[in-house]
Amino acid sequence: MKLAQRLGTITTAASFDMLARGKALEAQGRSVIHLGIGEPDFDTPAFIREAAKVALDQGFTHYGPAPGLPEFRRTIAESWRARRGIPCEAKHVVVCPGAKPVLFFAMLSLLEPGDEIIIPSPAFPNYGSMAQFAGGKVVSTPLVPGRGFDLDLDALRARINERTRAIVLNSPHNPTGGMLSDGSLQAVRELVLKHDLTVIADDIYADMIYEGRFTAFASLPGMFERTVTVDGFSKTYAMTGWRLGFGIMCEPLAKHMATLMNNSNSCTATFVQKAGDAALKGPQDDVHAMMGEFRARRTLVVEGLNAIPGVTCFNPPGAFYAFPKVVAPGLDSGQVADRLLDEAGVVTLPGTGFGAEGEGYLRLSYANSQANLREGLARIAGFLARLRP
Ligand SMILES: Cc1ncc(COP(=O)(O)O)c(C=O)c1O
């Protein structure tokens with residue numbers, strides 16, 4: 001079979017590989033602590049599961065409109081106007097099976113071959129992979145560890161040229177848990193106006209904040225028409241496996257994205273959309289309880305990491321990741337993650353899985369019980385102690 005060259009431009013995120021390796025070790029009887037994959041370890045709230053069951057019994061088992069059920073698009077638009085200050089209506093919302101397809105369709109819709117897209121480093125690895133697959137040229141711009149992984153605005157400015165088409169923003173941020181400052185958002189807004197750019201704003205962790213306040217890029221003056229907002233239910237409502245996300249964008253792009261949905265998925269499963277509608281309209285107590293537990297785990301993990309000689313970890317204001325800098329003489333971050341898994345039975349992700357700027361770091365997801373987090377920290381400490389002469 002002769003395969004298209006473009007397949008050489010797309011990659012699988014390290015998290016899925018490491019998860020598979022961890023599971024393979026477990027199948028051999030080894031004890032493995034999973035701090036790799038980024039999904040809440042909580043069950044989807046009962047009332048959301050119930051809404052899906054009711055919808056199945058009501059016959060929401062057929063094709064629906066490509067951009068989503070009208071009522072659900074309205075609910076999302078109303079919620080995002082109220083929750084995030086994004087001036088959207090139902091016609092701006094396209095429902096997809098997860099946030100990833102929204103990102104994928106946005107890249108396909110925005111980038112001509114050779115167009116440049118600026119992506120922070122480190123970042124969620126699929127941004128670069130999708131952009132390359134769409135024919136774009138990825139230009140990395142560093143985040144600044146000493147400033148909570150905020151943007152380096154001088155570096156960003158220096159990367160913009162006549163081929164620059166788009167900038168990706170992700171706040172709270174995977175893999176660091178950092179958030180972009182309001183000053184950075186304002187500066188990006190000015191650059192967007194000056195250079196006629198589009199922003200892909202991945203807001204998927206916007207409800208997972210421990211400190212500070214989230215500002216949606218699309219809510220800034222004049223930015224709604226220039227932003228594709230990417231969001232979804234995977235993280236906030238612990239619904240990773242349901243595959244439910246959405247994008248908010250200008251009407252012309254929303255129409256094209258609906259056509260992309262029609263050609264690829266037909267629609268998002270309609271009973272899943274009904275569950276999402278219930279999630280937004282129902283009580284948010286489960287979300288608050290989950291965030292309370294994540295907050296306690298954040299303290300446990302960040303304090304635990306900082307107590308290990310050779311490890312320093314910034315206290316992340318959002319998401320459920322810690323991004324410690326780990327001094328392990330003679331080993332790069334890929335080797336540290338490999339050996340932590342093989343020798344200590346702890347799945348972590350190498351910082352370099354998120355870009356070159358991630359060298360020297362590991363990403364730990366604290367979506368695991370406090371008991372497992374304690375055990376994982378003890379194993380990491382033991383492993384690093386054994387490395388020392
Ligand atoms: C920054 C970021 N964006 C998007 C996604 C994908 O979300 P979904 O499961 O809704 O496709 C993830 C998942 O890890 C993520 O970390």
Side-chain angles (χ1 to χ4, degrees), residues 11-19 34-42 44 48 68 76 80 93-107 117 119-131 143 149 167-180 199-209 214 216-217 227-248 257 260-261 264-265 268-269 272-273 275-276 279-280 294 316-323 347-349 351 353-355 358 363-368:
T11 52
T12 301
S15 53
F16 285 83
D17 289 342
M18 289 297 271
L19 177 70
H34 287 274
L35 307 179
I37 195 93
E39 67 170 340
D41 53 318
F42 297 84
T44 304
I48 301 176
I76 293 171
W80 259 243
V93 175
V94 180
V95 180
C96 288
K100 273 185 182 168
V102 185
L103 287 164
F104 212 132
F105 296 151
M107 302 287 183
I117 177 164
I119 300 180
S121 178
F124 181 52
N126 296 91
Y127 300 142
S129 166
M130 292 172 183
L143 299 174
F149 295 98
I167 302 177
V168 174
L169 299 180
N170 173 218
S171 177
H173 178 248
N174 177 8
T176 66
M179 280 171 72
L180 299 177
V199 164
I200 298 177
D202 184 346
D203 294 354
I204 192 125
Y205 296 104
D207 286 315
M208 310 192 104
I209 290 181
F214 173 76
F217 191 77
T227 306
V228 181
T229 296
V230 181
D231 216 319
F233 292 73
S234 291
K235 316 286 175 178
T236 311
Y237 296 101
M239 292 177 73
T240 47
W242 294 68
R243 310 311 301 135
L244 186 62
F246 58 90
I248 303 178
M257 208 174 274
L260 286 164
M261 268 299 289
S264 54
N265 298 287
T268 305
V272 170
Q273 294 185 60
L280 295 184
F294 272 140
F320 45 83
Y321 305 116
F323 200 63
V347 181
T348 60
L349 300 182
F354 301 87
R363 191 198 77 173
L364 275 61
S365 158
Y366 45 89
N368 207 330

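Every number for a ligand or one of its atoms is a count from 1 in the order of the listing.
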Check step by step if side chain to side chain contact (heavy atoms under 4.5 Å, CB included) holds for Val93 and Trp80. CA-CA 10 Å; Val93 175; Trp80 259 243; over 6 Å; no
Thr176 (side chain) donor-acceptor with Phe149 (main chain) under 3.5 angstrom: no
Those residues at least two apart in sequence (or on a different chain) that pass ring-ring contact (aromatic ring centres under 6.0 Å, His included) with Tyr205 are Phe320, Tyr321
| request: Please confirm whether the backbone N or O of Asp202 pairs with a side-chain atom of Asn170, one donor and one acceptor, at under 3.5 Å? | output: yes
Flag, side chain of Ser129 to backbone of Thr11, donor-acceptor distance under 3.5 Å: yes
Only one of Val272, Thr268, Val102 passes side chain to side chain contact (heavy atoms under 4.5 Å, CB included) with Val95, and that residue is Thr268
Within the heavy-atom cut-off of under 4.0 Å, ligand 1 is lined by Gly98, Ala99, Lys100, Phe124, Tyr127, Asn170, Asn174, Asp202, Ile204, Tyr205, Ser234, Lys235, Arg243
